[in-house]
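A quick write-up on the structure given underneath.
Worth saying up front: this structure is predicted, and the values here are computed from it rather than measured. Per chain, numbering begins at 1; letters A, B, ... match sequence-line order.
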2 protein chains.
Amino acid sequence: MAVTREQIVTRAIEHLNQAPAASMAEIAQAAGVHRATLHRHFATREELIIALGWRAHEAWQRVHDEIGLDTALRTGERVEETLHALLVAHIEVAEEHGFALTEHLVGINPELVRRAEELEAREIELIEACQRAGVLRADLPPRWVSNTVYGLLVAVRESLRRGDVARRDTPRLLLETFLRGTS
Amino acid sequence: MAVTREQIVTRAIEHLNQAPAASMAEIAQAAGVHRATLHRHFATREELIIALGWRAHEAWQRVHDEIGLDTALRTGERVEETLHALLVAHIEVAEEHGFALTEHLVGINPELVRRAEELEAREIELIEACQRAGVLRADLPPRWVSNTVYGLLVAVRESLRRGDVARRDTPRLLLETFLRGTS
DNA sequence: CGAATTTGCGACATTCATGTCGCATTCTAT
DNA sequence: ATAGAATGCGACATGAATGTCGCAAATTCG
């Protein structure tokens, strides 16, 4: 098998990141596969997009695993380090799977939405833990803080796309801006 | 004339805010006009989208006028108040014309892009003035700060869409988060 | 090596959005 | 009241994307 199903997903994500409205023919070409073959793997366009959505959510979950989010929530320790690690790790994921954040079908599929809510709920738990520990101010709604992270990731993405900032500066800028603001 | 051209633009914006991929037929219906009539006003879909883009940019310009951005830049006075006014005013505009921020054609049209760059340049000037005045920290690239505003507006939009925060709280949340961060 | 699976390829039908047109009707302004 | 302009309406042509199929070639695996 020259091109595996997993490779198709990867390359489709890459291409859709640059051309969010690409057709199946375009995606097939970018994946190095004939259009018919693409349809053999994913009967419909929707099926493909959903598969890409799952891939993105897997990467998201992996971030939670790698930074030890569960442990931090269970023990209530190292919440600050965990928060910082989460933010930085999000940059990588968002860069790779960013299109999933804006893709409409991903926000429609009930199972994907539920999965996203689960993942988001854990991050909100972390935010609340940080607020209790005095790491984050407690006068902001946790969900607003969570959405702030999302918005700042959009800013990172946009800044990189336009060449406003260097790739290596983004973790610092994100952390600084998120935690201490701009004034 | 039951429905003016301007009304069509207004209603099209409203509808596209909720259904960014709406067809011309859908837009016509939302505007209370026959599809053929819509095409008499705007020969192609692109023409319509561009018109909506101009409307959004007019509103943006009006914000600059109303807060006295020019005067602040010229005199170098009241930069802090002007910055705050700009942020709060952006909430309104973004809510109304937000779809233009993500609409692809708007980001492609050369004249609209140039106009957007002009407007953005003035805001960056304000940011730089604030940095010189000690209102904003000077160790963040002005363009990053500008993109941060954009990202936080996305967060506001998303928070309202999901019902995470009350409409009346958004100015405070935006200002607080932007200026002082979350910690 | 040989059978089985997979892929490339091109053709086809279908659906959907787009853009145009002619005609009857309605509205508007003088 | 009436001429001119704009609208509603339905029909039409066109093009693009989607999804399916059969067959030949290539790849994989036993």
Side-chain angles (χ1 to χ4, degrees), chain A residues 1-56 99-100 102-112, chain B residues 1-56 98-112:
Chain A
M1 229 181 278
V3 180
T4 70
R5 184 185 167 101
E6 291 308 301
Q7 282 177 316
I8 293 179
V9 170
T10 302
R11 296 175 188 177
I13 288 177
E14 285 169 12
H15 189 253
L16 284 173
N17 263 329
Q18 298 191 331
S23 68
M24 290 293 271
E26 228 178 299
I27 298 173
Q29 193 177 8
V33 146
H34 194 271
R35 196 168 66 92
T37 303
L38 181 59
H39 270 102
R40 285 184 191 110
H41 283 289
F42 309 95
T44 73
R45 187 179 209 280
E46 176 166 348
E47 204 175 308
L48 170 63
I49 300 294
I50 300 302
L52 307 193
W54 282 112
R55 164 71 72 88
F99 95 97
T102 56
E103 173 57 54
H104 197 232
L105 282 172
V106 173
I108 288 298
N109 183 274
E111 299 168 32
L112 274 179
Chain B
M1 229 183 277
V3 179
T4 71
R5 184 184 165 102
E6 291 308 302
Q7 282 177 314
I8 293 178
V9 170
T10 302
R11 295 176 188 177
I13 288 177
E14 285 170 11
H15 189 253
L16 284 173
N17 263 328
Q18 299 191 330
S23 68
M24 290 293 270
E26 230 179 297
I27 298 172
Q29 193 177 8
V33 149
H34 194 269
R35 195 167 68 90
T37 303
L38 180 60
H39 270 102
R40 285 186 192 109
H41 283 288
F42 310 94
T44 70
R45 186 179 209 279
E46 176 166 348
E47 205 176 307
L48 171 63
I49 301 294
I50 300 302
L52 307 193
W54 282 113
R55 164 72 71 87
F99 95 97
L101 301 178
T102 57
E103 172 57 55
H104 196 232
L105 281 173
V106 174
I108 287 299
N109 184 271
E111 300 168 33
L112 274 178

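- Atom P of nucleotide dT20(D) and atom CZ of Phe42(A) are separated by 15 Å, given to the nearest angstrom.
- Here Leu16(A) contributes atom CG and Ile27(A) contributes atom CD1; the two are 4.5 Å apart, rounded to the nearest 0.5 Å.
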Report, one pair per line, the protein and nucleotides 9-15 of chain C atoms (nitrogen or oxygen only) whose separation is under 3.5 Å.
from	atom 1	to	atom 2	distance (Å)
dC9(C)	N4	Arg40(A)	NH2	3.4

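- Computed from coordinates, the Gln7(B) CD to dA6(D) P distance equals 16 Å when rounded to whole Å.
- Between Val3(A) and Ile8(A), the shortest heavy-atom distance links the atoms CG1-CG1, 3.6 Å.
- Other residues, nucleotides and ligands place no more than 12 heavy atoms under 6.0 Å from the CD atom of Glu46(B).
- Smallest separation of non-hydrogen atoms from Leu52(B) and Ala12(B): CD1-CB, 4.1 Å.
- With rounding to whole Å, Arg45(A) atom CZ is found 13 Å from dA16(D) atom C1'.
- Computed from coordinates, the His41(B) NE2 to dA5(D) C1' distance equals 12 Å when rounded to whole Å.
- In this structure, the CG atom of Leu38(B) is 12 Å from the P atom of dT20(C), given to the nearest Å.
- Between Leu105(B) atom CG and dT18(C) atom P the separation is 11 Å, expressed in whole Å.
- Enclosure of atom CD in Gln29(A) is not indicated, since only 12 or fewer non-hydrogen atoms of other residues, nucleotides or ligands lie within 6.0 angstrom.
- Of the residues in residues 21-32 of chain B, those placing a heavy atom less than 4.0 Å from an atom of DNA chain C are Ser23(B), Met24(B), in numerical order.
- Scanning all heavy atoms of the two residues, the minimum distance from Arg35(B) to Ala28(B) falls at CA-CB, 3.7 Å.
- Annotation: the span from Leu105(A) atom CG to Ile49(A) atom CD1 amounts to 6.5 Å, rounded to 0.5 Å.
- Looking only at atom types and distance, the side chain of Arg55(A) has a donor-acceptor partner in the side chain of Thr10(A) under 3.5 Å away.
- Taking only side-chain nitrogens and oxygens, His39(B) never comes nearer than 4.0 Å to OP1 or OP2 of dC21(C).
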